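Down below is the structure, laid out as structure tokens.
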Amino acid sequence: MTNSAIMRAANVVPSARQLQWQALEFYAFVHFTINTFTGREWGTGEESPTLFNPERLDADQWVDVFRSAGMRGLILTAKHHDGFCLWPSQHTNHSVRQSPWRDGHGDVVREVSQACNKAGLKFGVYLSPWDRHDTRYGTEEYNDYFKAQLRELLTNYGDIFCVWFDGACGEGPNGKRQVYDWDGYFAIIRELQPNAVISVCGPDVRWCGNEAGHCRVSEWSVVPGQLRSQERIQEQSQTVDDGLFSRRVNTGDQDLGSRVAIQGVEDLVWYPAEVNTSIRPGWFYHANEDGQVRSVDELLTIYYEAVGGNATFLLNVPPDPSGLIASQDATVLVNLGDVLRRTFARDLAREAVATASATLDRDHDADSVIDGDRDSFWCPPFGTESADVELDFGGETTFDHVVLQEHIASGQRIERFSLECRIGDQWISVHTGTVVGYKRIVRLRPITCQRLRVRILESRWCPTLSSVGVYSGTGLSEEVELVTPRGFRS
Ligand code: FUL
């Protein structure tokens, strides 16, 4: 690539809403609707609303569990493919208003948004474009209906951090064809909730490409612009409910942003990845899957690969028909949060002295990586593509997690790095990695040394680091003894 092409790629930056969203890191997906009562994954749209009756529904309980897992937001399926609305929409009869729950006066969207608000979690909505119930689907009127629903959701429930548009459509070759007015939908979201990101079939957040929790080794946020419309193409979307889709990994598109992948691409955009998967095999609760809840270790692996690999982690946790998160899921989540809290309780780098092989100016010196301020950052002079930052702990120090963060408001630049420890009179490499981006968490066998060096081996135009964190994980997963959260039967 030419220098000017590299510089162009290095200077693609996120929007303010993308920056805010990225910092959430880990948040919940909640699949809840008629399917919760019928045992299906995709409802037909013909279900009677009278089936919906979560008698013990308690959104505060959901939010308590999510918060103790370390999650910072929640996205609720306000309407899934079956078309049943969890809020009393004025534009359809197919909603909670026709159900026995709270005598038809309930509003799940309201209860959940209020619980999030109270607990300091961000709230987002999933609104399925594909609707198997509404007879307007397949006609221009459906777009009006869909937009009216967006207006309701984005006006009546406070701040919304995300609108999640699913690309799935199982209509098949002879089914209904809806020409979605995506631009019209996006305009309404920008008008009513300018801080909300539009995910998957939208321009702000990219689907990672699978539902299994598989993460790329090198996840770039700067990618070809044509990826922004990929999930909107009906022919490429999920077309069958075969139970395999949720565990299928698409490996065909592993490299979206390396120099090879973006060579000659004029239209580069900031389009960061979100990893979405379910804590259970299905997206909705099924009692017969109570024994198949992912373990703390499994979730930790995905967490480290996603949050620690320049993506966010959207973990689905489906409430049961009573309206509560089942104790199996709650136990795992509370313990996951406990491991994460213990691991990252104390940043040893804050007590170190930082120096760098090269520094742009005093405002960007090595101290910026240990000052706890995400907005300050170290960088070498422009055009310096490899440089080192060194931490001296002042004495032998044992650690097993190193967390690197680029100053992504300036772009994503680092392509290859290594971590080296000073052992005796030699620098010993303990890890080599590729991209960093928002966050790279490196897990190591416990290592003891006085000096740690972060070597940026390759980067685009000029690397930045806003933070180097060093932790001694007292909470290694092997040590976890599962504790049932308060209020649950063991
Ligand atoms: C898929 C849907 O078909 C599933 O039911 C689920 O909502 C998942 C997040 O997306 O495409």
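Everything numeric here is computed off the predicted structure, so don't read it as measured data. Order of listing sets the numbers, starting from 1, for every ligand and every atom in it.
Here the CD1-OH distance, from I198 to Y185, works out to 12.5 Å after rounding to the nearest 0.5 Å.
Nearest-residue assignment for atom 2 (C) of ligand 1 (options D166, T77, I75; heavy-atom criterion): D166. For atom 5 (O) of ligand 1, the nearest non-hydrogen atom from the set H80, H31, R40, E211 comes from H80.
Under the 6.0 Å distance and 45° angle rule, R460 counts as a cation-pi partner of W220. Cation-pi check for R72 over Y27 is not met; the charged atom does not lie both under 6.0 angstrom from the ring centroid and within 45 degrees of its normal.
Here is the list of ligand 1 atoms found below 4.0 Å of a heavy atom in F29: 9 (C). Atoms of ligand 1 lying under 4.0 Å from at least one heavy atom of Y126, given by number and element, are 7 (O). Contact atoms of ligand 1 toward A168: 3 (O), 11 (O) (distance under 4.0 Å to a heavy atom of the residue).
Checking only distances, H81 does come within under 3.5 Å of ligand 1, N or O to N or O.
Screening residues 261-272 for side-chain hydrogen bond (donor to acceptor under 3.5 Å, both in side chains), with sequence neighbours left out, gives no hits.
Ring centroids of F123 and F161 are separated by 6.0 Å or more, keeping the two rings apart.
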